[in-house]
Amino acid sequence: MDYKQIIAQAIAKAADMAADEIEAMIEVPADTSMGDYAFPCFRLAKTFRKAPPLIAADISEKLEIPKGISRAEVVGAYINFFLDNQSFIEDVLGDVLEKGEEYGSADIGKGRNVCIDYSSINIAKPFHIGHLSTTVIGSSLYKIYNFLGFHSIGINHLGDWGTQFGKLITAYKLWGNKEDIEKNSINAMLELYVRFHDEAEKDDSLNDTARMWFKKIEDGDEEALSIFNWFKELTLKEVKIIYDMLDVHFDSYDGESFYNDKMQPVIDELNEKHMLELSEGAYVVRLGDELPPCIILKSDGATLYSTRDLAAAFYRKKTYDFYKCLYVVAYQQDLHFKQWFKVVELMGYTWAKDLEHVSFGMVSLEGGTLSTRKGNVVLLQEVLEKAVEKTRAIIEEKSPGLEGKDDVAKTVGVGAVVFDALRTARIKDSTFSFERVLNFDGETGPYVQYTYARCQSLKKRCDFDFLTAEKDWQAIDNKEAFAVAKLLEGFGEVVIKACEKNEPYFITKHITELAKAMNRFYFEHRVIDDDKAATAARLTVAHCAGVVIKTGLSLIGVGAPERM
RNA sequence: GCACCCGUAGCUCAGUAGGAUAGAGCGUCCGCCUCCUAAGCGGAAGGUCGCGCGUUCGAAUCGCGCCGGGUGUGCCA
């Protein structure tokens with residue numbers, strides 16, 4: 001089934017060259033009218049001392065057309081290869097039928113653990129659209145790695161440490177009340193936090209009180225800890241609602257507080273290795289001319305996030321013996337990760353190369369940057385609710401008789417938001433817009449889901465078992481079915497590429513293309529008619545497209561409704 | 001100042017281990033439901049691939065230099 005390889009062998013034989021060398025030169029033409037595979041002869045000009053078009057003609061003449069290829073055609077310096085459409089379609093569909101939802105999966109990660117640090121929310125802070133990227137990218141990677149045989153470990157590295165919690169307790173003791181917090185949860189905490197900052201500007205002694213409360217947390221004071229843990233519990237409870245909506249899961253919630261007692265051994269080791277240097281009152285590790293030094297201990301002796309990240313990395317290596325450890329964190333922290341990765345390397349650990357910062361771009365609002373404290377935020381829950389609401393309205397308009405409207409509205413609405421967040425390369429900045437997220441036309445989540453529902457609907461309309469029925473493959477010997485088959489065939493490679501580059505959008509793009517091809521097929525060819533064998537063949541196309549669309553959607557964390 | 005990232009159609013983006021006339025969606029305009037879901041399909045218009053020089057048979061893609069935007073740049077995370 002590896003056509004590239006088959007073609008390479010044939011060319012190699014004709015040109016008397018090494019097959020692997022040839023294979024690396026074979027490409028896929030941008031335009032399918034120029035074939036399915038192409039071999040450019042430009043680079044052979046030097047070795048053969050002939051003009052490229054002549055070389056192409058010579059090779060073509062000696063070429064034995066391999067099985068599965070219908071013809072080879074010389075165009076200028078290119079030899080273009082055309083697949084035998086019918087046998088190709090049959091092969092691919094057969095493969096999808098056989099493997100089902102496993103189609104595209106692999107076992108390249110067998111026995112390997114991959115830690116994925118994503119979402120990593122802050123306690124007592126609302127979940128806004130700025131947290132969407134890390135959450136859905138991380139969650140998608142979690143699924144992609146699992147699909148390829150790895151064992152993913154999802155880690156929500158909670159932001160549950162720091163003086164802000166001293167501030168929060170101070171504010172709570174002064175102005176808060178239990179009922180309000182229980183009732184309004186994060187909103188109430190945020191209000192207290194904002195009020196603290198307002199009041200502290202007038203009365204600096206509040207900051208001292210806050211430091212005192214944080215010290216109490218550190219010292220394990222019972223009252224301080226109980227308030228702190230209560231805040232933590234309420235925050236997680238509220239955020240869990242969003243994670244459930246998004247179908248996002250974690251295997252660990254070990255965050256900053258968890259590593260509080262695990263930093264000293266790292267500091268000791270740095271000391272033993274004579275890597276710590278006292279500089280301007282702080283202890284730092286020098287990283288050479290390329291990078292600024294990494295601060296390990298502040299001049300007051302306190303630790304920093306680098307220290308905590310180091311401790312966490314050692315803990316994860318020891319606990320999970322990871323093959324890779326990914327950090328799905330915005331690009332603002334590029335330097336920070338480069339620095340402490342370098343520290344691990346300088347400590348002599350070769351696994352430093354397995355640490356990877358999966359960075360992504362910023363989300364801003366039309367009115368400027370996001371700021372929790374200034375109230376310039378769009379809450380994710382609000383976005384999801386609006387999307388579901390809008391979907392609900394569309395359903396009432398287009399399919400008023402639909403069963404399970406609420407479930408479908410949820411799957412489609414939430415899917416639209418997630419799909420939108422995973423539609424481009426991670427690194428791109430984006431400006432959040434309700435207009436775009438709530439547009440369900442064109443290359444969107446609902447479009448792909450709609451195509452899936454269409455495929456399912458076709459199957460329901462068929463009154464015999466098309467899977468076991470005899471099929472007339474000639475009925476799908478057309479360019480639309482061929483286009484679907486090619487995209488089905490390319491799916492596995494795309495998943496691997498998405499994994500290698502940690503880019504879920506490769507999958508988003510591919511299933512969008514597949515949906516387009518499927519819709520074209522649907523439009524051009526009546527699927528169900530009186531000819532049973534032909535109907536069975538055409539339904540197989542729809543069925544296989546549906547299988548792969550569903551798998552693809554699930555890998556980016558989007559559901560596939562059976563009808564919509 | 002220095003480092004990193006980005007710059008492709010009105011907008012949002014693909015395409016960047018060099019390859020054949022630079023692609024898609026949105027928006028705009030024009031068509032297609034007595035027929036399997038029109039959240040669909042087809043078509044039109046729309047581009048000095050930020051600019052210049054270089055490497056190459058060939059550059060949106062590689063190198064150098066600019067310009068524009070973003071991020072970061074020692075005790076926040």
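Sequence lines set the chain letters: A, B, ... in the order given, protein chains first and strands last, and positions in each chain run from 1.
- A salt bridge links A/E396 with A/K405: the distance from a Lys NZ or Arg NE/NH1/NH2 to an Asp or Glu carboxylate oxygen falls below 4.0 Å.
- For B/G74, there is no paired nucleotide, since no Watson-Crick or G-U wobble pair has both relevant distances below 3.5 Å.
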Which atoms of nucleotides 72-77 of chain B (N or O only) lie under 3.5 Å from a protein N or O atom, and what are those distances?
from  : atom 1 : to     : atom 2 : distance (Å)
B/G74 : O6     : A/E280 : OE2    : 3.2
B/G74 : N1     : A/S279 : OG     : 2.7
B/G74 : N2     : A/S279 : O      : 3.2
B/C75 : O2     : A/S299 : N      : 2.7
B/C75 : O2     : A/S299 : OG     : 3.2
B/C75 : N3     : A/S299 : OG     : 3.0
B/C75 : N4     : A/E280 : O      : 2.4
B/C76 : OP2    : A/K298 : NZ     : 2.6
B/A77 : OP1    : A/R308 : NH2    : 3.2
B/A77 : OP2    : A/Y305 : N      : 3.3
B/A77 : O3'    : A/E256 : OE2    : 2.2
B/A77 : N7     : A/Y305 : OH     : 3.1
B/A77 : N6     : A/Y305 : OH     : 2.3

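- Using atom P as the reference point in both B/U16 and B/A20, the two lie 11 Å apart (nearest Å).
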Quiz item: Going 5' to 3' along nucleotides 34-42 of chain B, which nucleotides have protein heavy atoms under 4.0 Å from the base (write B), which only from the sugar-phosphate (write S), and which from neither (write -)?
Solution: -SBBSBBSS

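- Salt-bridge formation is not detected for the pair A/K215/A/E218: no Lys NZ or Arg NE/NH1/NH2 atom is positioned less than 4.0 Å from an Asp or Glu carboxylate oxygen.
- For B/G1 and B/G18, the P atoms lie 34 Å apart once the distance is rounded to whole Å.
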Listed pairs under 3.5 Å, donor-acceptor, residues 407-415 of chain A side chains, sequence neighbours left out:
from   : atom 1 : to     : atom 2 : distance (Å)
A/T411 : OG1    : A/D407 : O      : 2.9

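- When the C1' atom is used for both B/G69 and B/A45, the distance is 30 Å, rounded to whole Å.
- Across all strands, A/N80 comes closer than 4.0 Å to base atoms (heavy-atom distances).
- Ionic pairing of A/R211 and A/D208 is present here: one or more N-O contacts between side-chain nitrogen and carboxylate oxygen are shorter than 4.0 angstrom.
- With both pairing distances under 3.5 Å, B/C32 is matched to B/G40 as a Watson-Crick or G-U wobble pair.
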